[in-house]
J.: 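Mind having a look at this structure? Questions to follow.
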Amino acid sequence: RGEWSEALSEFQLSLRANPDSAVAESNLGFVLFDLGRLDVAASHQARALQLDPSMANAHYGLAQIAKTRGDDASARGHWESYLRLEPKGYFSRRAREELGR
């Protein structure tokens, strides 16, 4: 709903309570991306993948960050990884559209 500061606080609290939560790491990365904090967002998405290498959404988040930075090769690799892990996932249509461009 665009309440980024509340979301940021909630995910930070979640990670304090459960520092090994790949889901919270990835979700925090998405919030930070929306706030334009790309470097920190990327580190949280990367941490999510360290905790859970099958975390498809972290690949999608890293693809968004790479695209924003103009790193098309990295974006492509992460979208492909997302689709390998979640071929019918929530973001799969969008990932396929991005790969088609």
Side-chain angles (χ1 to χ4, degrees):
R1 298 183 316 241
E3 297 172 13
W4 305 127
S5 62
E6 286 182 37
L8 187 64
S9 294
E10 287 298 318
F11 289 123
Q12 288 170 332
L13 286 172
S14 179
L15 281 171
R16 279 191 211 112
N18 185 4
D20 294 330
S21 172
V23 172
E25 286 283 1
S26 182
N27 286 336
L28 181 56
F30 280 108
V31 171
L32 291 163
F33 172 80
D34 288 334
L35 291 171
R37 297 174 57 191
L38 300 184
D39 290 338
V40 181
S43 69
H44 284 282
Q45 297 294 9
R47 172 81 173 130
L49 287 175
Q50 287 176 337
L51 293 168
D52 181 0
S54 67
M55 174 58 100
N57 284 355
H59 280 292
Y60 191 88
L62 287 168
Q64 286 185 301
I65 293 165
K67 179 184 175 187
T68 300
R69 290 177 169 163
D71 185 350
D72 294 336
S74 180
R76 173 174 280 286
H78 285 294
W79 278 314
E80 289 171 348
S81 293
Y82 173 83
L83 288 170
R84 270 193 304 279
L85 293 165
E86 291 286 336
K88 295 180 182 178
Y90 183 77
F91 298 117
S92 62
R93 181 183 55 80
R94 175 78 189 266
R96 283 187 184 84
E97 288 172 0
E98 292 291 347
L99 286 170
R101 291 179 196 181

J.: Hydrophobic clustering (ILVMFWY, side-chain heavy atoms < 4.5 Å, transitive) - are I65 and F30 grouped together?
T.: no
J.: Should L32 and L15 be counted in the same cluster of Ile, Leu, Val, Met, Phe, Trp and Tyr side chains packed under 4.5 Å apart?
T.: yes
J.: Looking at R93, I want to see if its CZ is surrounded by more than 12 non-hydrogen atoms of other residues, nucleotides or ligands under 6.0 Å.
T.: no
J.: Please report the interatomic distance CG(L8) to CG(N27), rounded to the nearest 0.5 Å.
T.: 12.0 Å
J.: Is the side chain of S43 donor-acceptor paired with the backbone N or O of V40 at a distance under 3.5 Å, no angle test?
T.: yes
J.: Does S14 reach the main-chain N or O of F11 with its side chain, forming a donor-acceptor pair under 3.5 Å?
T.: no
J.: So, for L51 and P19, which heavy atoms are closest and what is the spacing to 0.1 Å?
T.: CD1-O, 4.1 Å
J.: What's the verdict on salt bridge (Lys or Arg N to Asp or Glu O under 4.0 Å) for D72 and R101, showing C-alpha distance, side-chain angles and the deciding distance?
T.: CA-CA 10 Å; D72 294 336; R101 291 179 196 181; over 6 Å; no
J.: So, are D20 and R47 salt-bridged, with charged N and O less than 4.0 Å apart?
T.: yes
J.: Can you tell me how far the OG atom of S92 sits from the CD atom of E97, to the nearest 0.5 Å?
T.: 9.5 Å
J.: Would you sort out whether W79 and K67 count as a side chain to side chain contact (heavy atoms under 4.5 Å, CB included), showing the intermediate values?
T.: CA-CA 10 Å; W79 278 314; K67 179 184 175 187; 3.7 Å; yes
J.: Going by side-chain hydrogen bond (donor to acceptor under 3.5 Å, both in side chains), H59 matches just one of E80, Q45, H78. Which one?
T.: H78
J.: So, taking the atom named CG in L49 and the one named CE in M55, what distance separates them when rounded to the nearest 0.5 Å?
T.: 8.0 Å
J.: Main chain of Q64, side chain of T68: is a donor-acceptor contact present, judged purely on distance under 3.5 Å?
T.: yes
J.: Quick check against the 3.5 Å criterion: does E86 have a side-chain atom that pairs as donor or acceptor with the backbone of A56?
T.: no
J.: Could you tell me whether the side chain of R69 reaches within less than 4.5 Å of the side chain of D39, counting heavy atoms only?
T.: yes
J.: Could you state whether L99 and Y82 fall into the same hydrophobic cluster, counting links through intermediate Ile, Leu, Val, Met, Phe, Trp or Tyr residues with side-chain heavy atoms under 4.5 angstrom apart?
T.: yes
J.: Following the transitive rule for hydrophobic clusters with a side-chain heavy-atom cut-off under 4.5 Å over Ile, Leu, Val, Met, Phe, Trp and Tyr, establish whether L85 and Y90 coincide in one cluster.
T.: no
J.: Tell me whether R96 contacts the main-chain N or O of P87 through its side chain, where contact means a donor paired with an acceptor under 3.5 Å.
T.: yes
J.: Please check if V31 and F33 belong to a single hydrophobic cluster, counting links between Ile, Leu, Val, Met, Phe, Trp and Tyr side chain heavy atoms closer than 4.5 Å.
T.: no
J.: Nearest 0.5 angstrom please: L62 CG to L38 CG, how far?
T.: 11.0 Å
